[in-house]
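Only one structure is covered here, and it is reproduced in the block below.
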Amino acid sequence: MLNKKYNHLEVEENKYDFWKDNGYFESGDKSKEPFTIVIPPPNVTGKLHLGHAWDTTLQDIIIRYKRMCGYDALWLPGMDHAGIATQAKVDEKLKSLGLKPREMDREDWLNHAWSWKEDYAETIRKQWAKLGLSLDYSKERFTLDEGLSNAVKHVFVTLYNEGLIYRGERIINWDPEAMTALSNEEVIYKDVEGAFYHLKYIIDGTNDYLEVATTRPETLFGDTAVAVNPEDERYKHLIGKKVVLPLVNKKIPIIADEHADPSFGTGVVKITPAHDPNDFEVGNRHNLERIIVMNKDATMNHNAGIYEGLDRFVCREKMLEDLKKQDLLIKIEKITHSVGHSERTNVMVEPYLSKQWFVKMDELSKAVLDNQKNKDTKVNFIPERFEKILNHWMEDCHDWCISRQLWWGHRIPAWYKGDEIYVGVNPPTGDGWVQDSDVLDTWFSSALWPFSTLGWPEKTELFDRYYPTSVLVTGYDIIFFWVCRMVFQGLKFTGKRPFKNVLIHGLVRDNQGRKMSKSLGNGIDPMDVIEEYGADSLRYFLTTSSAPGMDLRFDMEKVKSTWNFINKLWNASRYVMMNLEDFDLNNYSIVDLKEIDKWILTNLNITIKNVTKHMDNYDFNLAGSEIYNFTWNYFCDWYIELSKVRMNDTTKSVLIYTLNSILKMLHPFMPYVTEEIYQNMPMHEDSIMISNYPIYNDDFEYDVTYTENLIEMIKAFRNVKTENNIKNPILIYNEDLNEFINDSKDILEKLLKLNGETLIKSQSFKDDDITIIPLTLSFGNVEIAFKKDVNKDEELEKLNKEKENLEKSIQKREKLLSNENYVSKAPKTVVDKDRNQLEIEKLKLSDIIKQIKSL
RNA sequence: GGGCGAUUAGCUCAGUUGGUUAGAGCACCUGCCUUACAAGCAGGGGGUCGGGAGUUCGAGUCUCUCAUCGCCCACCA
């Protein structure tokens with residue numbers, strides 16, 4: 001028997017271990033069809049936030065649902081080493097211990113990092129457990145595992161041998177804090193207050209000058225030309241001449257290049273090939289020298305002359321003073337412009353010439369675009385609109401910089417000896433080879449996640465059975481740097497899409513609609529919510545409060561109202577169990593049904609049908625409200641109340657059957673409480689999570705008119721009673737409802753608090769000092785009689801308003817039904833409904849008119 | 001510059017291929033401690049679905065347009 005009070009802390013204790021220890025989370029039943037999800041691996045940099053809770057709960061709902069539907073459901077857990085993010089955190093920790101991470105031995109540092117990883121992995125597993133996620137831990141993976149590392153090497157070497165990975169000097173985004181290259185996707189552009197510094201570049205041999213505007217004057221030490229547009233009449237005559245580089249006093253050429261936009265600024269642009277991607281291209285076209293002027297920590301190098309050693313921003317201030325002294329600074333124009341910042345360290349990135357490894361993208365991305373045109377093999381996005389992000393990114397993508405000057409990650413499988421280079425899965429033989437010290441971008445290994453976790457490139461049973469995976473669940477914010485990469489690597493290396501479907505969700509926001517962030521301090525720890533309201537409440541809230549692909553505003557009140565719903569379910573279950581205490585299970589039968597049983601079973605059946613459809617479409621909000629509505633408004637409000645009057649063994653059987661079905665449909669959303677109640681039911685298997693999901697059954701569609709009529713009468717009666725503030729109403733019925741009332745007497749007396757004196761036939765009613773209100777029902781008429789004590793004016797006002805509404809509605813409907821176009825074109829069922837409704841409304845109107853007259 | 005989303009009750013949000021008088025939760029009003037549940041029960045009020053035009057017998061839903069808010073991508077010497 002259940003405790004008197006629902007206590008989420010008690011209910012959620014120990015159940016996770018029970019499931020896990022019994023192996024219910026593990027996949028591998030070969031007699032079933034496989035269904036696979038691989039978890040988007042969380043970074044081992046910290047705790048899970050509400051976004052993770054949402055993302056993983058969606059997956060758990062899908063996997064629990066599919067498991068109950070008879071699939072061999074594999075949900076593969078794992079974590080991501082998260083290169084730069086983790087390295088930054090580990091460094092921070094080491095610094096706080098007084099150590100200097102960059103001066104440590106690489107192996108020592110890695111030992112620290114691994115122990116950090118173990119700590120955080122354990123924290124994350126505990127949080128997964130709190131959330132109730134049915135992950136198959138026997139197959140857990142980590143991106144730096146041996147197997148996954150082999151996959152990474154295999155992919156690198158293969159792409160290298162095919163010419164799709166190359167090493168080259170390019171302008172990359174340089175993070176001077178982490179001192180590593182970044183990919184374009186790791187750079188976040190933010191609007192900052194800056195300035196255009198307008199400088200004089202004296203034209204050689206004249207007193208005249210070109211006005212050049214720059215936002216980064218410190219790069220002028222690397223200028224090797226100034227460019228003007230070849231069509232720009234203002235400067236045509238100067239092309240081929242030289243200017244004197246300020247402060248450096250070096251002569252550099254004036255060149256003509258399309259890059260210079262005559263309509264922007266002065267139309268003259270300084271060319272710094274080693275510090276700007278556009279200038280790099282210009283430099284290539286004109287064969288210009290590339291002069292690097294900064295060190296890796298963004299201090300100036302020897303090319304900056306007297307400014308050598310200064311930080312770039314200090315140097316800027318210093319040289320501006322000097323330029324001013326030499327009258328070479330025309331003006332400083334304050335502007336707001338967007339500047340790239342490192343996603344991880346948040347410092348301004350420097351475009352920087354550097355030798356890095358790149359993935360050549362055109363061939364790989366074209367394969368994705370081609371595949372998306374094939375409806376049988378494409379990756380399907382839910383909602384569909386997100387496919388555009390994939391396509392858009394694939395249509396316009398630059399080569400991918402994959403080398404990182406970090407220690408935490410997959411070491412690049414390339415070795416150098418003098419000018420020789422060797423790339424291979426295994427180290428080269430012979431002496432003198434030195435391995436590339438860089439590691440690969442984290443996303444390089446994440447891109448392989450759906451198949452590397454299943455044992456690829458080895459031929460494994462796991463891979464053969466579970467790949468391609470069924471669905472990937474992730475937020476729209478990482479479609480373009482993760483989902484895209486998994487798709488192109490999946491197609492390239494397995495020949496198949498890595499997942500059939502991608503279910504996209506939005507971001508969790510705070511109750512004011514702001515993004516949750518550390519700086520705002522508005523983050524909410526899911527573990528705190530679980531403590532207060534339970535994982536079941538949190539899960540149901542997260543997965544039913546928004547439509548697919550939309551953002552979610554976190555609202556504690558809604559979590560609380562979910563708790564109330566669970567409490568309602570809990571109490572309804574207690575009612576069912578109380579009535580089963582003396583029930584002999586041998587008498588269980590749902591064959592010889594009473595009217596009310598047919599009604600609830602029919603509605604249950606419809607609910608199952610709708611819920612199944614919504615679950616299959618990933619419309620969890622719709623599925624959730626369908627179950628909520630059935631549970632509260634059908635089962636609790638009506639069937640349980642009716643059962644109090646008509647309790648017998650069939651009723652008890654139907655109570656068991658219906659509650660069991662509700663529990664099963666709710667289980668994916670709220671695993672803990674449904675398990676608790678289920679285990680306390682007289683008929684159950686070892687666990688609800690391995691029971692069968694309810695199935696829609698055609699045989700359960702009964703004629704439920706009687707119960708619907710009953711409910712209609714009860715509602716109408718209560719309405720009139722309350723609206724008119726009637727203390728002691730009498731329900732009067734005519735001969736035509738004799739049979740119906742006689743069949744329902746017990747129910748009406750109980751639910752309407754009537755008795756033999758107040759539920760009477762019209763001919764036996766005699767009293768003059770009484771008011772009669774007629775009740776028009778869809779199946780007949782009754783009257784309510786009561787002592788006259790109402791406020792006439794109020795009553796009249798109410799009746800007139802009702803009359804007006806009815807007249808409007810009748811008019812509208814008559815007009816509609818007299819429209820031949822409507823009658824001939826609209827479906828017959830719709831038209832019939834209107835006709836019926838019109839008849840009822842007319843009857844009601846005449847009643848109202850009668851009442852108004854009688855007042 | 002390109003793309004996407006949002007705009008529905010006081011608040012937060014649903015609304016399936018167009019089809020009765022547009023729904024839920026919270027909040028609000030009235031009456032109830034009825035033996036599963038007062039974290040509850042019964043009843044109720046509240047919306048010209050951002051503006052305008054169009055298609056249609058019929059539009060919250062489809063088309064066009066305008067407005068406001070938000071997001072993504074690109075550019076930014």
Side-chain angles (χ1 to χ4, degrees), chain A residues 2 4-6 189 194 196 212-216 219 226-227 259-261 264-272 276 278-279 282 335-339 383 385-386 388-389 392-393 396 476-477 479-480 506-507 511 513 515 541 544-547 549-555 557-558 560-579 610 613-614 617 619 621-622 624-625 628-629 636-637 640-641 644 714-715 718-723 725 750-751 753 805-806 808-809 812-813 816 819-827 829-831 833-834 836-838 841:
Chain A
L2 297 175
K4 180 117 185 156
K5 282 268 163 193
Y6 166 58
Y189 287 86
F196 266 135
V212 176
T214 176
T215 51
R216 295 188 300 152
T219 63
V226 293
H259 169 59
D261 177 357
F264 189 89
T266 57
V268 185
V269 54
K270 70 192 214 40
I271 302 300
T272 322
D276 182 281
N278 290 314
D279 294 3
V282 176
I335 55 159
T336 304
H337 60 150
S338 77
V339 177
R385 64 174 185 271
F386 290 105
K388 283 187 185 173
I389 298 183
H392 180 251
W393 198 72
D396 181 33
Y476 60 69
D477 53 327
I479 292 174
F480 73 99
L507 305 175
N511 59 2
K515 227 167 156 175
F541 161 75
T544 64
S545 301
S546 69
M550 303 299 289
D551 287 350
L552 174 66
R553 212 176 271 227
F554 188 82
D555 182 354
E557 286 302 311
K558 282 195 181 177
K560 192 177 162 190
S561 97
T562 300
W563 191 99
N564 290 352
F565 172 50
I566 297 175
N567 189 46
K568 183 78 181 174
L569 175 70
W570 182 267
N571 281 304
S573 305
R574 283 183 57 237
Y575 168 81
V576 172
M577 284 170 201
M578 281 168 60
N579 282 285
N610 293 339
K613 182 183 81 187
H614 295 319
N617 292 338
D619 282 324
N621 59 329
L622 300 180
S625 51
Y628 183 104
N629 180 43
C636 293
D637 286 352
I640 283 183
E641 292 308 316
K644 289 173 181 172
I714 293 169
K715 282 187 163 177
R718 283 172 172 168
N719 178 310
V720 171
K721 184 188 167 191
T722 312
E723 285 290 287
N725 199 16
K750 165 92 176 166
L751 270 64
K753 293 175 193 160
N805 284 339
L806 275 168
K808 255 189 228 164
S809 183
K812 200 175 153 189
R813 224 178 283 278
L816 188 64
N819 182 334
E820 266 184 49
N821 259 325
Y822 170 69
V823 177
S824 60
K825 285 183 187 172
T829 49
V830 176
V831 179
K833 263 184 191 171
D834 270 317
N836 272 329
Q837 198 59 33
L838 182 63
E841 281 171 352

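Within every chain, numbering begins at 1; the chains are lettered A, B, ... in the order of the sequence lines, protein sequences first and strands thereafter.
Proximity of K721(A) to the phosphate of G31(B): no side-chain N or O atom is located under 4.0 Å from OP1 or OP2.
Applying the 6.0 Å contact sphere to NZ of K644(A) captures more than 12 heavy atoms from other residues, nucleotides or ligands.
The K753(A) side chain lies nearest to U34(B) when the options are A77(B), G40(B), U34(B). Among the nucleotides C37(B), A77(B), C4(B), the one closest to the side chain of E641(A) is C37(B). For R553(A), the listed nucleotide lying nearest its side chain is U12(B); candidates were A14(B), C41(B), U12(B). Taking every side-chain heavy atom of E557(A) into account, C26(B) is the closest of C26(B), A77(B), A6(B). Residue D276(A) places its side chain closer to A77(B) than to any other of U16(B), A77(B), A36(B). Listed candidates were A36(B), C13(B), C76(B). Nearest to the side chain of N278(A) is C76(B).
In this structure, W563(A) forms an aromatic stack with the base of A39(B), since both conditions hold: centre separation below 5.5 Å and plane angle below 30°.
Of the possible polar contacts, one joining the N579(A) side chain to the Y575(A) backbone as a donor-acceptor pair under 3.5 Å is found. Between the D619(A) side chain and the L622(A) main chain, no donor and acceptor come within less than 3.5 Å of each other.
Where pairing requires Watson-Crick or G-U contacts shorter than 3.5 Å, the helical stems of RNA chain B with at least three consecutive pairs are B:1-7 with B:67-73, B:10-13 with B:23-26, B:28-32 with B:40-44, B:50-54 with B:62-66.
Comparing F264(A) and K5(A) against RNA chain B, the residue whose closest nucleotide sits nearer the 5' end is K5(A).
When only modelled atom types and interatomic distance are considered, D551(A) and Y476(A) share a side-chain donor-acceptor pair under 3.5 Å.
Rounded to the nearest Å, the gap between the P atom of A24(B) and that of G70(B) is 31 Å.
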